[in-house]
Amino acid sequence: MRLFPLLVASSLAYTLHAQTTQDQSLPKPQEQKTLDPIYAQASRESARDHEYANTTTIDAKSLQSRQATSLRDVFALDSSVSVGGATTTAQKVYIRGLEDRLYSVNIDNASQYGNLFHHQGNITIDPMMIKDISVQKGTPDAYMGAGALAGSMSIRTKDARDFLRDGQRYGALVGLGGYSNQGYRTNAAAFFALKNTDALLWANWTNILGFHAGGNGGDGQWVQGSANNNKSLLFKLNQRLSERNTLTLSYNGLNETSTAPFATNLAERNVTLFAHTNYNHTATLGFTRQADSAKPSSTQVRTNLYFNQRSLYLKPLSQTSTNDHHEVGEKNIAFSNVGYNLALSNQFSVLDVEYGLNYQGVFVADTAAPKDAINRAKESGHIYGGFVKTTYTPSEHWVLGVQSRYDVFNYFDKNNQTHLTQGFSPAASITYLPTSTLSLRASYAYLTRGAMPGDATLLGDKDVLIHKNLRPESIQNIELNADYSGSIFCARVAGYYSRLGDFINSYAHDHDHSDHIHTPGEPHSHGGLRQNMHAPIEVFGYEGGVGADYKGFSSYASIAQNFPTYKGYLLQDTYELGAVSGIIYNLSLQYEFPRYHLRFAWLSQFTQRVKYKGYDIYNDQTGFIDKAGYSVHNLYINWEPLGEKRLSLRLSVNNIFNTFYIAQTSPFKNEAMESLDSSVRRAMPNPGIDARFEVGYQF
């Protein structure tokens, strides 16, 4: 069985192909009276490769079919993932209600840790350069899981062999696309692959001229600050040193510019406009040594050095307006990550073992921020850690997984204080596979994250201080999964509970005046205080779906909802933590004509209205929140008349009924300290109807 092609594949979060392939390889029952080693090994491999409802996998083919230009397009098929913010600069990813800053996010094994600005997103990459994305919800991948609380996200970029046709050694491609609401994109690439060497150089330019919000009769308003100009570059070199050893060098860079209000995720009028410039540079040097197939217990080695820097330049284009917020001002921020990862693994007949070490250095500074005796306007942190991960497969019916990390966090804050925190992060799971098509899984994880640099825009705010005794954050994640993957139908369901303790709130009001830093002889500050919260945050939730795949037709319907609570109340949207949305339903349909290389797809997303009394952790108060529901429908047509990887014609019509909507995970109020009862929602609306046409040709 071919795993749900195109749209459905990225929504399912399974690897059905691996499961089916192993099933087909098993001996027939009449030829097998006892369990011989070949049968047992095939069953164990199938169990090892099985993925679960807590995993989302997205591939390049799915992204290309949707002409993805934003994170909203990337995660459009997964009802458990919401994207707040309407522009590429502002978009934040919320997975099961929790912001991606609680996840470890990596591009080509390079950490993307950091919070440049709470009004902007944290994941910055051109979606068309992505080879695949794997999201582990609840329990992170131990290899790259340092500091992860809610899970991990691993992004791999493309390389030359993803473009070459069978038998082709070198080639090039060009592409051009236009968007009715409103913009264009052009890209060009050159690539080659020899016996031991392959390389790719690819440049993309996407210029969103701005957009109209949806509205009746197509009279949607022009959205101020909706223009984005993105230039991206990808270089990838793979050098095979020997039969088992490979060296990889990669670089991914993005430059994004726009003219918008200070807070790019808000639709504000009569405020100062800023020139926004964002950079993201990620470089890695990796080495892989494959295990010796002739030696069952041979060691596989994965290791890499990496560098990542994200920069934010904000410059006002005029004198600040009286309507601006107090935080508005020039910013020149650079957030850098450097690190090293090492993983060794061995595979035995019934046991897989992986173990290794990690180091990460984090450095952030705002050179435009004023400095004084207690505010350095820069911070740094270091993480030293190690991990071990084991998977025990005693039979074709059972899989036991155990892993643990130990990490030490050394944080030197802007107030000249050192915070040394550490902790273990153990996790365990048990999976029962009564048949080759059904799995039942239970998992538990206790994860810790020490104090590290937070929102970089606070570096220049002398009234925001850091508590001198920050404690490490910790979370307990419990989850139950059931997955069915038959020859035609599939289904999945997951229920989960998380308890987050000692969350470090970067925007808390300074209510306790007894333990603060102040300059001798000067008035004591009663502004903000970055400190641990006193009560835990609890998250209950579920997600599930059902799909079918039969003779070119595939469909998938899914549902998700979560309830992040504090002191018995649903949370008001919280920077660096999470956001509340109503029940989300997704429906995707696709029909493919393989003979003509033609695919039609339809995607519908329904989000129910949510109205509740929310808890504001910034001001320790409650207030009423009302977020309107909406439905958005997209059509996708993909045609490759000359066969795969030659001429491609793609048409996408997003928001085909021109619905006006504001993503429910966009911020509900402008400022953290603003009262809920007096706030008016000013989040930026999402684009109205947008027809996209793209043509590409590969030589």
Side-chain angles (χ1 to χ4, degrees), residues 84-85 90 92 94 97-99 101-102 115-120 122 149 262-263 265-266 268 324-328 413-415 451 453-467 470-471 473 500-517 524-539 563-581 610 612-627 664-683:
K92 296 183 182 181
Y94 296 87
L98 298 178
E99 192 172 324
R101 288 175 173 86
L102 296 179
N115 181 1
L116 277 175
F117 187 14
H118 55 277
H119 286 292
Q120 292 190 3
N122 194 45
L149 292 175
F262 182 73
N265 58 357
L266 301 176
E268 299 183 284
D324 289 334
H325 309 306
H326 74 278
E327 64 180 352
V328 170
D413 70 24
K414 69 173 188 173
N415 299 137
D455 184 353
T457 57
L458 300 181
L459 294 175
D461 193 337
K462 66 179 182 179
D463 293 327
V464 176
L465 305 175
I466 314 296
H467 195 285
L470 291 177
R471 301 183 299 276
E473 302 163 306
L500 173 59
D502 289 318
F503 175 71
I504 298 176
N505 183 358
S506 295
Y507 317 98
H509 252 321
D510 182 359
H511 295 300
D512 178 8
H513 302 164
S514 62
D515 193 23
H516 293 170
I517 308 165
H524 194 76
S525 166
H526 301 304
L529 180 68
R530 188 170 189 237
Q531 62 180 347
N532 297 97
M533 292 177 60
H534 301 297
I537 295 161
E538 296 180 292
V539 182
F563 307 91
T565 61
Y566 184 69
K567 294 184 177 180
Y569 294 91
L570 284 174
L571 277 175
Q572 176 261 323
D573 301 344
T574 305
Y575 297 125
E576 297 185 320
L577 176 56
V580 173
S581 64
V610 59
Y612 64 98
K613 189 175 184 180
Y615 200 99
D616 179 357
I617 67 171
Y618 307 136
N619 300 302
D620 286 324
Q621 66 178 20
T622 59
F624 287 98
I625 296 174
D626 188 357
K627 300 180 183 180
Q664 289 191 352
T665 47
S666 293
F668 187 79
K669 61 181 185 178
N670 286 21
E671 293 187 274
M673 302 309 177
E674 181 183 354
S675 172
L676 268 177
D677 291 331
S678 63
S679 64
V680 176
R681 196 172 192 206
R682 299 187 180 92

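- Going from atom CG of Leu149 over to atom CG of Leu98 covers 9.0 Å, rounded to the nearest 0.5 Å.
- With hydrogens and angles ignored, the 3.5 Å screen pairs a side-chain donor or acceptor of Tyr612 with a backbone N or O of Leu571.
- When atom types are taken as modelled, the side chain of Ser666 and the backbone of Gly85 share a donor-acceptor pair closer than 3.5 angstrom.
- Side chains of Leu500 and Val539 form no contact here, defined as non-hydrogen atoms less than 4.5 Å apart.
- The two atoms that bring Ala579 and Pro564 nearest to each other are O-CG, 4.3 Å, heavy atoms only.
- Scanning for salt bridge (Lys or Arg N to Asp or Glu O under 4.0 Å) contacts around Glu538 gives Arg499, with sequence neighbours left out.
- Counted by atom type alone, Asp455 and Tyr507 present one or more donor-acceptor pairs between their side chains at under 3.5 Å.
- Between the CZ atom of Phe117 and the CG atom of Asn122 there is a distance of 13.5 Å, given to the nearest 0.5 Å.
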- Task: Would you sort out whether Lys92 and Thr665 count as a side-chain contact (heavy atoms from CB on, under 4.5 Å), showing the intermediate values?
- Result: CA-CA 8 Å; Lys92 296 183 182 181; Thr665 47; over 6 Å; no

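- From Tyr575, atom OH reaches atom CG of Asn505 across 12.5 Å, with rounding to the nearest 0.5 Å.
- Here the shortest heavy-atom pairing between Leu577 and Phe503 reads CB-CZ, 3.7 Å.
- Taken from OG1 in Thr457 to CG in Asn115, the straight-line distance is 7.0 Å, to the nearest 0.5 Å.
- A donor-acceptor pair is defined here as one N or O able to donate and one able to accept, closer than 3.5 Å; no such pair exists between the side chain of Lys414 and the backbone of Ile466.
- Contact between Glu576 and Ile504 at its shortest, heavy atoms only, is OE1-O, 4.5 Å.
- In this view, Glu473 and Arg449 satisfy the salt bridge (Lys or Arg N to Asp or Glu O under 4.0 Å) rule, not counting sequence neighbours.
- Annotation: the span from Met533 atom CE to Asp502 atom CG amounts to 10.0 Å, rounded to 0.5 Å.
- The aromatic rings of Tyr569 and Tyr615 sit tilted relative to each other, their planes meeting at an angle between 30° and 60°.
- For the atom pair Leu458 CG and Asp463 CG, the distance stands at 11.0 Å (nearest 0.5 Å).
- For the salt bridge (Lys or Arg N to Asp or Glu O under 4.0 Å) test, residues two or more places apart in sequence or in another chain that qualify with Arg101 are Glu99.
- Scanning both residues, Gln531 and Ala508, for their nearest heavy atoms gives NE2-CB, 3.7 Å.
- Considering all non-hydrogen atoms of both residues, His119 and Ala263 come closest at CG-CB, 3.4 Å.
- Between Asp573 and Lys627 a salt bridge is recorded (basic side-chain N to carboxylate O distance below 4.0 Å).
- The two residues Ala535 and Tyr566 come nearest to each other via the heavy atoms O-CE1, 3.2 Å.
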